[in-house]
Structure formats: C-alpha cells, structure tokens
Undergrad: 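Quick one: the structure is below, and I'll ask about it shortly.
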Amino acid sequence: MSHTVTITYDRALIRRALNRFMIRRLGKSFFVLVPVLSLLLIWSFFYEGWNWFSILLTIVLGAVAAFLGFVYFARLRASEGFFDKADEPTVTFTFSETGVRTDSDLGSSDLKWTVFEEILKFEEVWLLVYAKSGYMTLPVGQITSDCLQFIERQVQERKN
C-alpha cells in the first residue's frame, strides 16, 4: 500500500514550520529560564551596577541569543533556498511500506522509515523528524487523513 501526495509549499508555511520546530526543540524550560535570567540581570544591574555577575549574565544571554539567531536564520535560508532554485514549489511524496520518496524538479530522494525518529504534530503542519534536527514539512490541509494515519503508523511501528 502506498499514498502519493503532491504538496505545494510557500515561504509562510516554511517559516511557520521552522518556528514550531525551534519552539518545540527549545522546550518550555527555555522560555521560563530566559525571562527569569533577564529579570535577574535587570535587577542586578539596577541595584548593584555592573559587577562580575551582571557581566557574566549579559555574556551568556548574548551568546545564547546570537547562537539561536544564527541557527534560525541558517535553517531559514536553507529551507527557503528551495524557492530560489526550484521552478515549481511543489514536492511529490510517495509514502510506502518501505519508506518515503520525494520528487521535485530539483531531484528525488528515498528515505527508509527507520530514519524517522518522531512526528511533531501541530494543528496545520506535521514535521517528520530525522537525525534529531532535520524534518520534512507536511501540511495537514494538503494530505488526506488516511495518508496521515498511514505515516503515523509507519513511524510508530519502526520505533517499537
């Protein structure tokens, strides 16, 4: 049994997928820790001025922000590079018992189900994750529910 789906991508979809991926990968604790550290920095600066603690905290927060900005924009540029190179922003996916085949005017690839580690599910998009940081963007609105169930079943079977 196989399912073939042709997906049309746009830049907004790619950005939303990347945003969802980054937020999920950073985790809830990151979004608690950074504001707490920022407030601690502000408190330290206003009550004690520049001292070793506020300088160290500024360096840490700045390094984290720079690193995340670099990663985000590098991934965004790589993802959007597809639009600069492809004549048509479409990819045909064939989901079969053995794996996933992708075809576009840039080429094709075949991946076995065993490379996929998880599915990150969001309301409008599923991200089929491989190698911890790579993912395929699957817009839920362009894929039948039968196909989505097939994908989920295949990933789950390979995890067990």
Side-chain angles (χ1 to χ4, degrees), residues 1-39 60-160:
M1 172 182 225
S2 69
H3 296 268
T4 301
V5 179
T6 300
I7 295 176
T8 303
Y9 291 98
D10 60 45
R11 291 178 191 273
L13 173 65
I14 296 300
R15 283 189 189 112
R16 282 192 307 273
L18 178 57
N19 291 343
R20 303 286 189 284
F21 181 78
M22 293 288 289
I23 289 169
R24 180 72 61 92
R25 282 297 186 239
L26 290 172
K28 293 176 185 175
S29 59
F30 176 82
F31 292 100
V32 171
L33 186 61
V34 168
V36 167
L37 290 177
S38 298
L39 288 173
V60 168
L61 288 171
V64 167
F67 177 73
L68 290 177
F70 173 77
V71 169
Y72 179 84
F73 287 108
R75 291 189 67 114
L76 182 62
R77 189 172 350 138
S79 297
E80 287 187 337
F82 172 74
F83 296 103
D84 299 332
K85 296 174 187 167
D87 295 329
E88 291 287 323
T90 60
V91 176
T92 300
F93 289 88
T94 304
F95 302 100
S96 67
E97 298 286 337
T98 57
V100 180
R101 178 173 178 80
T102 62
D103 291 290
S104 74
D105 55 338
L106 297 179
S108 62
S109 68
D110 290 294
L111 294 172
K112 303 258 185 238
W113 285 113
T114 54
V115 304
F116 297 105
E117 298 166 358
E118 65 181 316
I119 303 171
L120 298 180
K121 297 180 189 177
F122 303 98
E123 186 177 322
E124 62 195 33
V125 67
W126 281 14
L127 304 177
L128 198 52
V129 180
Y130 57 91
K132 299 267 188 239
S133 64
Y135 60 87
M136 291 182 174
T137 304
L138 305 174
V140 173
Q142 296 184 45
I143 302 175
T144 66
S145 61
D146 288 343
C147 183
L148 290 172
Q149 289 172 0
F150 178 80
I151 294 166
E152 188 171 29
R153 194 169 48 250
Q154 295 301 317
V155 172
Q156 286 301 321
E157 286 177 7
R158 298 321 186 269
K159 287 175 82 172
N160 298 331

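Below, all heavy atoms of this structure are taken into account, side chains as well, without hydrogens, waters or symmetry copies. Everything numeric in this text was worked out from a predicted model, so none of it was measured.
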Undergrad: Would you compute the distance between atom CG of L148 and atom CD1 of I119 and round it to the nearest 0.5 angstrom?
TA: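 Here the interatomic distance stands at 8.5 Å.
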Undergrad: With a 4.5 Å limit on heavy-atom distance, are the side chains of V71 and M22 in contact?
TA: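 Touching, per the 4.5 Å side-chain cut-off.
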Undergrad: Among residues two or more places apart or on two chains, list those pairs meeting salt bridge (Lys or Arg N to Asp or Glu O under 4.0 Å) that have a residue in residues 83-94.
TA: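 Every salt bridge (Lys or Arg N to Asp or Glu O under 4.0 Å) pair that includes a residue of residues 83-94, provided the two are not neighbours, is R11-D84.
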Undergrad: Working to the nearest 0.5 Å, report the span between CD1 of I7 and OG of S104.
TA: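 Going from CD1 on I7 over to OG on S104, the span is 12.0 Å.
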Undergrad: Please confirm whether the backbone N or O of Q156 pairs with a side-chain atom of W113, one donor and one acceptor, at under 3.5 Å?
TA: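 Not a single qualifying donor-acceptor pair exists.
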Undergrad: Report yes if some heavy atom in the side chain of T90 is under 4.5 Å from a heavy atom in the side chain of Y9; otherwise report no.
TA: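 No, their side chains stay 4.5 Å or more apart.
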Undergrad: Taking side-chain hydrogen bond (donor to acceptor under 3.5 Å, both in side chains) as the test, write out the residues that go with R16, two or more places apart.
TA: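 For R16, the residues satisfying side-chain hydrogen bond (donor to acceptor under 3.5 Å, both in side chains) (neighbours in sequence not counted) are E124.
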Undergrad: Does any non-hydrogen side-chain atom of T92 lie less than 4.5 Å from one of V5?
TA: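 A side-chain contact under 4.5 Å is absent here.
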Undergrad: Going from CZ on F30 to CD1 on I23, what distance comes out if it is rounded to the nearest 0.5 angstrom?
TA: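 Between F30 CZ and I23 CD1, I get 10.5 Å after rounding to 0.5 Å.
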Undergrad: Identify all side-chain donor-acceptor contacts of residues 139-146 below 3.5 Å with residues at least two apart in sequence or on another chain.
TA:
{"residue": "Q142", "atom": "OE1", "partner": "T8", "partner atom": "N", "Å": "2.8"}
{"residue": "Q142", "atom": "NE2", "partner": "T8", "partner atom": "O", "Å": "3.0"}
{"residue": "T144", "atom": "OG1", "partner": "C147", "partner atom": "N", "Å": "3.2"}

Undergrad: Take M136 and W126 through the side-chain contact (heavy atoms from CB on, under 4.5 Å) test and state the conclusion after the steps.
TA: CA-CA 8 Å; M136 291 182 174; W126 281 14; over 6 Å; no
Undergrad: Go through the structure and list residues passing side chain to side chain contact (heavy atoms under 4.5 Å, CB included) with E97, not counting sequence neighbours.
TA: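 E97 satisfies side chain to side chain contact (heavy atoms under 4.5 Å, CB included) with M1, F150, Q154 once adjacent residues are dropped.
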Undergrad: Counting distance only, does the side-chain N/O of E117 pair as donor-acceptor with the main-chain N or O of K132 below 3.5 Å?
TA: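 It does hold such a pair.
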Undergrad: Roughly how far, to the nearest 0.5 Å, is the OH atom of Y72 from the CG atom of L26?
TA: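 L26 CG to Y72 OH: 12.0 Å, rounded to 0.5 Å.
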Undergrad: How about V125 and L138: do any of their side-chain heavy atoms sit closer than 4.5 Å?
TA: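 No, every pair of side-chain atoms sits at 4.5 Å or beyond.
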Undergrad: Keeping to residues at least two apart or across chains, list the salt bridge (Lys or Arg N to Asp or Glu O under 4.0 Å) pairs with something in residues 103-115.
TA: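 Only R101-D103, R101-D110 qualify under salt bridge (Lys or Arg N to Asp or Glu O under 4.0 Å).
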Undergrad: Using the ring centroid of each side chain, check whether Y130 and Y135 are separated by less than 6.0 Å.
TA: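 No, too far apart.
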Undergrad: Using side chain to side chain contact (heavy atoms under 4.5 Å, CB included) as the criterion, point out the one residue from V129, V100, I151 that pairs with F116.
TA: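 Output: one option passes, namely V100.
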Undergrad: Is the distance between the ring centroids of F95 and F93 less than 6.0 Å?
TA: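 Distance test on ring centres: under 6.0 Å, yes.
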Undergrad: Name the atoms and distances for all side-chain donor-acceptor pairs under 3.5 Å in residues 73-80, with sequence neighbours left out.
TA:
{"residue": "R75", "atom": "NH1", "partner": "S133", "partner atom": "O", "Å": "2.7"}
{"residue": "R75", "atom": "NH2", "partner": "S133", "partner atom": "O", "Å": "2.5"}
{"residue": "S79", "atom": "OG", "partner": "R75", "partner atom": "O", "Å": "3.0"}
{"residue": "E80", "atom": "OE2", "partner": "R15", "partner atom": "NE", "Å": "3.3"}
{"residue": "E80", "atom": "OE2", "partner": "R15", "partner atom": "NH2", "Å": "2.9"}

Undergrad: Answer yes if the side chains of S109 and T102 hold a donor-acceptor pair under 3.5 Å, and no otherwise.
TA: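 Short answer, yes.
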Undergrad: So for atom CZ, which belongs to F70, do other residues, nucleotides or ligands contribute more than 12 heavy atoms lying within a distance under 6.0 Å?
TA: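 It does not: F70 CZ has 12 such atoms or fewer within range.
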Undergrad: Going from CZ on F21 to OG1 on T137, what distance comes out if it is rounded to the nearest 0.5 angstrom?
TA: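 Here the interatomic distance stands at 10.0 Å.
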